[in-house]
Amino acid sequence: MSDFIAILSHNLWLFLVLCFLFASVIGSFLNVVIHRLPVMMKREWQQECNQYLQEYQPEFAKQIGEAKLNAPIDNYPAKYNLLLPKSACPKCGAHIKPWHNLPIIGYLMLGGKCAACKTKISARYPLFELLTALLICTLAWHFGPTLQFAYATILTFGLIALSGIDLDEMLLPDQLTLPLLWLGLLINISGTFTSITDATIGAAAGYLSLWSIYWLFKLITGKEGMGYGDFKLMALFGAWLGWQMLPLIILLSSLVGALVGVLLMVFKNLNRGNPIPFGPYIAIAGWVAMVWGQQIVDWYLGTL
């Protein structure tokens with residue numbers, strides 16, 4: 001293993017090519033996670049609600065009727081998870097052939113259309129695959145074949161999945177944020193990105209920073225300005241990067257969010273009252289802070 005790492009260290013082009021190929025394949029799987037995980041969660045919520053009604057509100061459950069309680073909430077097969085059923089066209093149901101499932105290339109081979117019914121395939125699928133590959137190649141260039149690169153890659157995969165789900169569903173699942181938060185604390189026991197003390201303080205400070213803003217905004221306006229998933233995402237970055245990076249992440253995410261919000265209002269006639277997912281902006285800011293955060297802070301302090 002050490003010899004292979006040495007080869008990659010001395011042949012950066014080979015390392016980048018391998019990272020691009022590997023990340024594009026994972027990017028294809030992340031598309032599956034973004035689409036299927038919310039469906040799986042909604043089904044789980046339905047089962048929990050039904051179980052609660054049957055155990056604690058049996059009379060009300062009888063009024064509703066067992067058929068309505070157990071009625072499917074979507075049109076997907078009964079057995080539905082991250083692996084099954086196989087990928088198929090949502091329009092005609094034709095299974096996608098293995099060579100058409102190749103990241104980026106498969107989309108180009110099909111011309112962006114289903115091979116069977118010629119229905120247009122969303123460009124977001126190859127774009128997410130390409131985005132994943134480019135981000136991982138950036139990490140490879142920055143960190144090289146190191147342990148930091150391996151951990152940063154895992155975090156990047158998680159952030160892409162979280163951002164995609166938040167854009168679609170306005171949801172940051174605990175199934176992703178909490179494991180990544182704990183992983184950040186564990187890897188920093190050995191000081192991978194920061195000290196374990198700074199990571200622990202960062203996790204608490206990250207959560208409480210947005211939690212405080214949330215309650216202050218709610219007390220002033222009577223409205224909820226963000227969700228609890230945003231608090232956990234900020235805690236995640238505190239656990240990975242330490243409390244010192246939190247001000248930069250908050251600043252960058254606010255700037256990106258404000259810029260995108262203005263553009264949406266101008267070009268898409270978005271009303272001020274319409275909710276906008278804040279998770280992707282935190283994810284972008286946190287990723288930038290992980291890669292270039294210290295350089296940005298040093299540059300800023302040097303300009304004072």
Side-chain angles (χ1 to χ4, degrees), residues 19-45 74 76 80-87 90 101 103-104 106-107 121-140 149-187 206 226-241 249 253 256-257 260 276-291:
C19 286
F20 187 93
L21 295 175
F22 170 71
S24 61
V25 172
I26 299 299
S28 180
F29 177 70
L30 292 178
N31 276 320
V32 175
V33 174
I34 292 169
H35 177 73
R36 297 193 181 192
L37 182 58
V39 176
M40 294 162 57
M41 292 174 63
K42 290 173 184 177
R43 288 185 171 187
E44 183 180 351
W45 295 338
D74 52 63
Y76 300 109
Y80 193 82
N81 53 46
L82 297 181
L83 300 178
L84 295 173
K86 294 181 179 180
S87 299
N101 244 341
I104 305 172
Y107 182 86
I121 302 172
S122 174
R124 68 175 288 172
Y125 296 111
L127 288 177
F128 266 81
E129 293 163 356
L130 181 60
L131 173 66
T132 305
L134 293 176
L135 291 180
I136 300 307
C137 284
T138 302
L139 295 179
F149 164 75
Y151 287 133
T153 296
I154 294 173
L155 178 59
T156 302
F157 291 154
L159 294 176
I160 292 172
L162 284 166
S163 297
I165 293 173
D166 201 23
L167 287 171
D168 288 344
E169 304 286 342
M170 297 285 288
L171 174 71
L172 293 170
D174 288 349
Q175 289 87 333
L176 296 177
T177 53
L178 295 184
L180 287 172
L181 190 158
W182 289 113
L183 178 61
L185 291 174
L186 288 173
I187 66 173
M226 62 185 71
Y228 277 68
D230 298 323
F231 312 162
K232 297 167 190 174
L233 185 56
M234 188 63 74
L236 181 160
F237 280 118
W240 277 76
L241 307 177
I249 295 173
S253 60
V256 174
V260 173
I276 299 175
F278 193 52
Y281 310 135
I282 299 176
I284 293 170
W287 193 88
V288 169
M290 177 176 64
V291 181

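Numbers for residues simply follow the sequence, beginning at 1. Given the structure is predicted, the values throughout are model-derived calculations rather than measurements.
- No more than 12 heavy atoms of other residues, nucleotides or ligands sit less than 6.0 Å from atom CH2 of Trp182.
- Residues Tyr107 and Glu129 have side chains not in contact (no heavy-atom distance under 4.5 Å, counting atoms from C-beta outward).
- Residues Val260 and Tyr281 form a side-chain contact, since some pair of their non-hydrogen atoms from C-beta on lies under 4.5 Å apart.
- Contact check for Tyr151 versus Leu155: no side-chain heavy atoms found under the 4.5 Å cut-off.
- Note: Phe237 CZ to Thr177 OG1 = 11.5 Å, rounded to the nearest 0.5 Å.
- Scanning both residues, Cys19 and Ala140, for their nearest heavy atoms gives SG-CB, 3.7 Å.
- We find the OH-CG distance between Tyr228 and Leu172 to be 14.5 Å, quoted to the nearest 0.5 Å.
- When side chains are defined from C-beta on, Ile187 counts as touching Trp240, because their heavy atoms get closer than 4.5 Å.
- Atom CG of Leu135 is separated from atom OG1 of Thr138 by 6.0 Å, given to the nearest 0.5 angstrom.
- Here the closest heavy-atom approach between residue Tyr80 and residue Met40 is recorded as O-CG, 3.7 Å.
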Evaluate the side-chain contact (heavy atoms from CB on, under 4.5 Å) criterion for residues Phe20 and Leu130: first the C-alpha distance (whole Å), next the side-chain angles of each, then the deciding distance (0.1 Å), finally the verdict. CA-CA 9 Å; Phe20 187 93; Leu130 181 60; 4.1 Å; yes
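- Of the inter-residue distances, the one linking Leu127 atom CG with Thr132 atom OG1 reads 10.5 Å to the nearest 0.5 angstrom.
- Summarising the geometry of Asp74 relative to Tyr76, their closest heavy-atom pair is OD1-N, 3.1 Å, with the distance given to 0.1 Å.
- With sequence neighbours excluded, the residues satisfying side chain to side chain contact (heavy atoms under 4.5 Å, CB included) with Leu178 are Asp174, Lys232.
- Side-chain atoms of Thr153 and Thr156, non-hydrogen and from C-beta on, never get closer than 4.5 Å to each other.
- Between Pro85 and Arg36 the shortest heavy-atom distance is O-NH2, 2.7 Å.
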Sequence neighbours left out, cut at 3.5 Å: what donor-acceptor pairs do the side chains of residues 157-169 make with other protein atoms?
unit_1: Ser163; atom_1: OG; unit_2: Leu159; atom_2: O; d: 2.8
unit_1: Asp166; atom_1: OD1; unit_2: Leu171; atom_2: N; d: 2.9
unit_1: Asp166; atom_1: OD2; unit_2: Gly279; atom_2: N; d: 3.0
unit_1: Asp168; atom_1: OD1; unit_2: Arg124; atom_2: NH1; d: 3.0
unit_1: Asp168; atom_1: OD2; unit_2: Arg124; atom_2: NH1; d: 3.1
unit_1: Asp168; atom_1: OD2; unit_2: Arg124; atom_2: NH2; d: 3.4
unit_1: Glu169; atom_1: OE1; unit_2: Lys42; atom_2: NZ; d: 3.1

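- Taking the side chain as every heavy atom from C-beta outward, Met226 and Phe231 approach each other to under 4.5 Å.
- Atom CD1 of Ile154 and atom CD1 of Ile136 lie 10.0 Å apart (nearest 0.5 Å).
- Taking every heavy atom of both residues into account, Ile104 and Pro126 meet most closely at CG1-O, 4.1 Å.
- Taken to the nearest 0.5 Å, the CE atom of Met234 stands 4.5 Å off from the CD1 atom of Ile282.
- A heavy-atom distance below 4.5 Å is not found between the side chains of Phe128 and Leu30.
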